[in-house]
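Because the structure is predicted, anything quoted here is derived from the model rather than measured. Read the numbers this way: they start at 1 and go in the same order the structure lists the ligands and their atoms.
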Amino acid sequence: MEQFKGQPRLPKFAVPKRYDIRLKPDLISCKFAGTVAVDVDVVADTLFIVLNAADLSVDSASVSFTDRNSSEVFRPSKVELLEEDEILVLEFAETLPIGVGVLAIGFEGILNDKMKGFYRSTYEHNGEKKNMAVTQFEPADARRCFPCWDEPACKATFKITLDVPSDLASLSNMPAIEEKVDGHLKTVSYQESPIMSTYLVAIVVGLFDYVEDHTSDGIKVRVYGQVGKANQGKFALHVAVKTLELYKEYFEVPYPLPKLDMIAIPDFAAGAMENYGLVTYRETALLYDDQHSAAANKQRVATVVAHELAHQWFGNLVTMEWWTHLWLNEGFATWVSYLATDSLFPEWKVWTQFLDESVEGLRLDGLEESHPIEVEINHASEIDEIFDAISYRKGASVIRMLQSYLGAEPFQRSLASYIKKHAYSNAKTEDLWDALEEGSGEPVNRLMNSWTKQQGYPVVSVKVKDQKLEFEQSRFLSSGSHGDGQWIVPITLCCGSYDKCKSFLLEAKSETLYVNEFLGCSISGDRNSATCSWIKLNVDQAGFYRVKYDEQLAARLRYAIEKNDLSATDRFGILDDSFALCMARQQSFVSLLTLMSAYREELEYTVLSNLITISHKLVRIAADAVPELLDLIKLFFIGLFQNAAEKLGWQPKAGESHLDAMLRGEVLTALAVFGHEPTLTEASRRFHAFLDDRNTPLLPPDIRKAAYVAVMLTANASNRSDNESLLGVYRESDLSQEKTRILGSLASCPDPTIILEVLNFLLSSEVRSQDAVFGLAVGIEGREVAWTWLKDNWEHISKTWGSGFLITRFVSAIVSPFATFEKVKDIEEFFASRTKPSIARTLKQSIERVNINAKWVQSVQSESLLLYSN
Ligand code: BES
Ligand code: ZN
């Protein structure tokens with residue numbers, strides 16, 4: 001038995017071909033009983049069968065081999081469940097015969113409240129609290145529902161049968177083919193699935209309503225929600241039908257199953273899960289209410305649906321061979337969800353918004369505690385943590401970089417051939433590169449290995465010297481340190497206009513180009529050729545790298561921004577690179593502020609939204625570094641957003657764009673946070689109108705968050721009425737998006753007494769455990785309260801959220817905003833005896849962020865001293 005302990009993967013002397021699973025969940029006692037009969041192919045002489053199981057009690061086990069003449073049953077001499085390794089070892093007294101046998105196991109388990117495995121979620125029906133039974137198996141929790149070979153490469157077919165209360169609906173991956181009612185119970189059997197991985201198996205049992213439609217080739221699509229909420233599923237239904245049709249074209253393979261169900265689950269740890277044919281969602285990611293959802297909510301629903309449906313091909317039909325290749329699933333689905341959303345809603349300009357994904361990838365990957373896209377996984381407990389910005393956002397960004405390098409058409413063709421080649425099977429990162437290399441004739445393997453096998457990314461410095469452009473790459477680190485690494489960087493550049501663009505691969509550390517030869521123009525007044533007014537690298541921000549310009553080039557770009565000569569994506573990129581360089585202390589604080597003032601006329605949603613994000617971070621640093629200048633800096637930002645605020649106003653304009661609707665809320669929130677009095681007053685007026693009448697036109701959903709934040713900013717312990725009214729709205733609303741909006745506003749209050757009350761509220765039964773992390777958005781004043789609260793409540797928090805990835809959000813949200821070396825010590829001391837594998841990486845990253853902030857504070861301080869002394 002010892003030989004099976006501590007192994008990252010199961011031994012493969014017996015492999016599953018088909019599972020026949022029968023489950024009987026009891027929604028009152030929250031237990032379930034089950035049997036599984038697995039067709040296993042014994043491929044080598046063995047005394048053992050080893051498969052995964054966890055939190056189950058096994059009642060019986062046997063393997064039988066039947067041929068034409070006889071049947072032989074083998075009963076294990078020993079059955080042992082090794083909890084640590086999450087495996088079930090069956091030992092037999094004699095060697096099992098080679099060939100296909102049937103492994104039968106009877107077992108029992110608990111419908112847990114941890115939102116993984118086979119779990120219970122709760123809801124109210126006619127004023128009565130009820131349980132539903134739901135599964136969430138990715139990454140490695142199918143083993144908590146039935147014993148199985150719980151690895152993505154162990155694909156098999158699944159035949160599922162459920163014994164459930166006859167008044168409830170029950171769903172699984174495939175359509176039901178038979179339903180037998182027997183009094184209070186019914187037995188529902190489902191059609192056998194095509195071969196698939198265990199992490200994609202799903203079951204839901206509860207009370208639901210649904211809306212239904214079908215694709216042009218007859219796939220039945222349904223959206224399920226709580227009773228009475230079916231209409232809120234209509235938007236997602238529309239997106240799903242259109243997206244299925246689009247992916248069929250794009251992948252050149254039809255949707256592989258006879259039906260698609262999508263269902264909103266009230267308690268759900270992730271955002272959504274792509275179970276084959278039965279996609280599960282948080283309510284906020286699936287339901288859209290015409291009256292009370294915001295434009296941002298609508299966009300979220302569309303992108304999440306597009307993401308999960310992409311997995312039906314990329315992930316479910318073709319599955320990663322091992323978790324090391326998780327990024328293939330998540331990076332690709334993230335990228336392609338933008339393709340689908342853009343095709344459905346071109347006016348949302350989601351490819352500009354894609355830059356939000358890239359910068360989150362760049363920010364995380366700028367840490368020394370980052371990891372390569374392809375990461376070694378040795379234990380199931382390590383998988384959760386790689387569902388992070390590296391796998392999703394850097395993954396999606398390097399795919400975008402590659403697509404833009406190869407061209408949309410060859411990229412799509414090669415992808416379709418990859419899907420066809422590996423359908424109903426598994427693939428590794430190299431398999432995708434091989435397909436793209438074959439389809440494009442470009443050295444894709446060589447190019448992409450530098451991006452997926454090594455962590456980090458380059459900053460490319462450009463300088464002009466004697467009509468020459470000098471390029472140099474080095475690893476970018478937010479800490480300002482020098483790192484190792486070299487990448488094959490697809491460099492693009494435009495000169496003075498978007499008609500004059502060039503590209504080359506930067507393979508060496510550095511490279512020099514003659515401007516005149518390469519670009520056909522000169523940089524400063526050369527009489528024989530046209531002068532180009534600016535040079536922008538990384539055109540459209542398609543590449544996953546940063547650019548550092550010399551002073552002359554930077555000044556020209558600033559001027560080009562003021563003259564509105566650059567695209568929104570490029571304006572975004574120049575700003576974000578400059579911010580990152582400032583934080584890494586490679587550029588002064590003042591020069592960043594100077595650049596920011598070039599954005600006074602900015603009205604593009606994505607650019608302004610990032611400008612706002614950056615302003616918040618700068619205010620936070622200024623509060624620590626130069627508190628005496630804080631008010632001045634806030635005034636500067638207020639001035640920066642004034643133009644946009646005036647153009648947008650508070651009241652939506654008839655027929656205005658989706659992006660303006662989203663922008664208004666963000667701009668007003670920023671003005672409120674920076675202390676703009678007229679905004680605070682108007683917010684209060686509108687909030688009170690809303691309290692009097694929930695349907696007042698004065699507070700449409702898109703500006704509610706702004707008003708809530710403003711109201712909380714002015715609340716304090718001796719004037720609680722607004723604070724209490726807001727909690728009242730939270731309690732009365734049955735729309736998750738409204739609740740989330742309120743949770744995200746509460747902690748912005750500067751009063752420590754209220755902040756503490758808010759944080760404690762997050763631990764109460766009034767907040768579902770899936771939502772508590774939204775309430776951690778404290779302002780500068782709240783940091784200390786939150787840290788003390790985290791320490792005081794760590795045991796409870798760790799017990800409640802410690803078995804999933806949500807725990808990491810507590811750590812990063814509360815630890816990262818600090819900016820002193822003393823705090824680093826404090827944090828390290830506290831966690832020294834409390835760290836565990838599931839938070840280890842996040843904790844290191846958060847501490848690194850505090851160190852970076854602290855160094856930045858010092859440099860801003862010395863810069864301001866210099867200013868004073870001049
Ligand atoms: N496969 C994931 C769900 C998941 C996440 C399972 C983490 C296990 C751990 C799903 O496809 C997904 O990526 N969901 C995202 C939403 C998406 C639109 C980015 C999520 O849950 O945030
Ligand atoms: Zn995904």
Side-chain angles (χ1 to χ4, degrees), residues 114-117 119 134-144 150 152 196-202 236 239-240 243 247 262-265 267-286 296-320 323 325-341 350 353-354 356-358 360-361 377 380-397 399 740 770-771 773-774 801 803-809 838 842:
K114 304 276 176 217
M115 298 185 283
K116 64 183 205 176
Y119 72 94
V134 189
T135 55
Q136 167 60 41
F137 290 166
E138 195 185 11
D141 294 316
R143 62 189 69 175
R144 286 170 219 283
D150 200 8
M196 58 187 271
S197 308
T198 47
Y199 79 91
L200 294 167
V201 172
V239 173
T243 305
Y247 288 155
M262 311 205 291
I263 183 161
I265 307 294
D267 301 276
F268 197 80
M273 175 64 212
E274 70 266 27
N275 313 300
Y276 223 173
L278 174 54
V279 184
T280 44
Y281 294 81
R282 265 184 192 238
E283 294 194 341
T284 50
L286 187 67
N297 298 136
K298 188 172 195 176
Q299 189 177 314
R300 170 84 182 149
V301 169
T303 41
V304 180
V305 169
H307 176 113
E308 303 311 333
L309 298 196
H311 280 313
Q312 306 301 309
W313 285 260
F314 216 101
N316 301 7
L317 186 60
V318 180
T319 311
M320 67 221 149
W323 297 106
H325 307 283
L326 171 72
W327 85 277
L328 268 187
N329 262 13
E330 299 304 347
F332 186 84
T334 301
W335 175 80
V336 88
S337 72
Y338 280 80
L339 191 85
T341 313
V350 292
Q353 298 191 55
F354 183 87
D356 292 338
E357 307 274 353
S358 307
E360 285 307 320
I377 295 290
S381 65
E382 297 169 11
I383 311 171
D384 259 343
E385 259 199 317
I386 59 166
F387 284 84
D388 64 359
I390 299 300
S391 303
Y392 280 78
R393 296 165 181 229
K394 183 183 183 182
S397 305
I399 285 171
T740 306
Q770 60 164 8
D771 291 330
V773 293
F774 297 129
W801 287 274
S803 62
F805 49 83
L806 288 171
I807 184 90
T808 60
R809 303 267 293 269
S838 61
T842 307

Mark up the atoms of ligand 1 that fall under 4.0 Å of a heavy atom belonging to H311, in ascending order.
-> 11 (O)
Would you name the N/O/S atom of H311 that lies closest to the Zn ion (ligand 2)?
-> NE2
Nearest to atom 7 (C) of ligand 1, what protein heavy atom do you find, and at what distance?
-> F387 CD2, 3.3 Å
W313 vs Y247, side-chain contact (heavy atoms from CB on, under 4.5 Å): CA-CA, chis, key distance, verdict = CA-CA 8 Å; W313 285 260; Y247 288 155; 3.6 Å; yes
Cut-off 3.5 Å, side chains only: do T842 and E385 have a donor facing an acceptor?
-> yes
Would you say Y119's side chain and D267's backbone share a donor-acceptor pair under 3.5 angstrom?
-> yes
Please determine if G271 has a nitrogen or oxygen closer than 3.5 Å to a nitrogen or oxygen of ligand 1.
-> yes
Would you say the side chains of T280 and N275 form a donor-acceptor pair under 3.5 Å?
-> yes
Starting from the C-alpha separation in whole Å, work towards a yes-or-no answer on side-chain contact (heavy atoms from CB on, under 4.5 Å) for L278 and I263.
-> CA-CA 7 Å; L278 174 54; I263 183 161; 4.0 Å; yes
Residue, atom and distance of the protein heavy atom nearest atom 11 (O) of ligand 1 read E308 OE1, 2.7 Å
Pick whichever of E138, R282, R393 has a heavy atom sitting closest to atom 4 (C) of ligand 1.
-> E138
Compute whether any side-chain donor of one residue and acceptor of the other, for E357 and Y338, lie under 3.5 angstrom apart.
-> yes
At a non-hydrogen distance cut-off of under 4.0 Å, which region of A270 contacts ligand 1 (side chain, backbone, both, or neither)?
-> both
For the pair D384 (side chain) and S838 (backbone), establish whether a donor and an acceptor sit closer than 3.5 Å, ignoring hydrogens and angles.
-> no
Has E308 got an N/O/S atom less than 2.8 Å from the Zn ion (ligand 2)?
-> no
Element-labelled atoms of ligand 1 that are located less than 4.0 Å from some non-hydrogen atom of Y392 = 2 (C), 5 (C), 12 (C), 13 (O), 19 (C)
Please identify which atoms of ligand 1 are closer than 4.0 Å to at least one heavy atom of E274.
-> 1 (N), 2 (C), 10 (C), 11 (O)
Mark the output for T334 as yes if a heavy-atom distance to ligand 1 is under 4.0 Å, and as no if none is.
-> no
Looking only at N/O atoms, are T303 and ligand 1 under 3.5 Å apart anywhere?
-> no
For residues W801 and M115, determine if any side-chain heavy atom of one lies less than 4.5 Å from a side-chain heavy atom of the other.
-> no
Centres of the Y199 and W323 rings: under 6.0 Å?
-> yes
Just give me the atom name: the N, O or S atom of E330 closest to the Zn ion (ligand 2).
-> OE1
Of all the atoms in ligand 1, which lie at a distance below 4.0 Å from a heavy atom belonging to F805?
-> 7 (C), 9 (C)
Give a yes or no on whether a salt bridge exists between D150 and R144, defined as a side-chain N under 4.0 angstrom from a carboxylate O.
-> no
Examine ligand 1 and decide if any of its atoms is less than 4.0 Å from a heavy atom belonging to A272.
-> yes
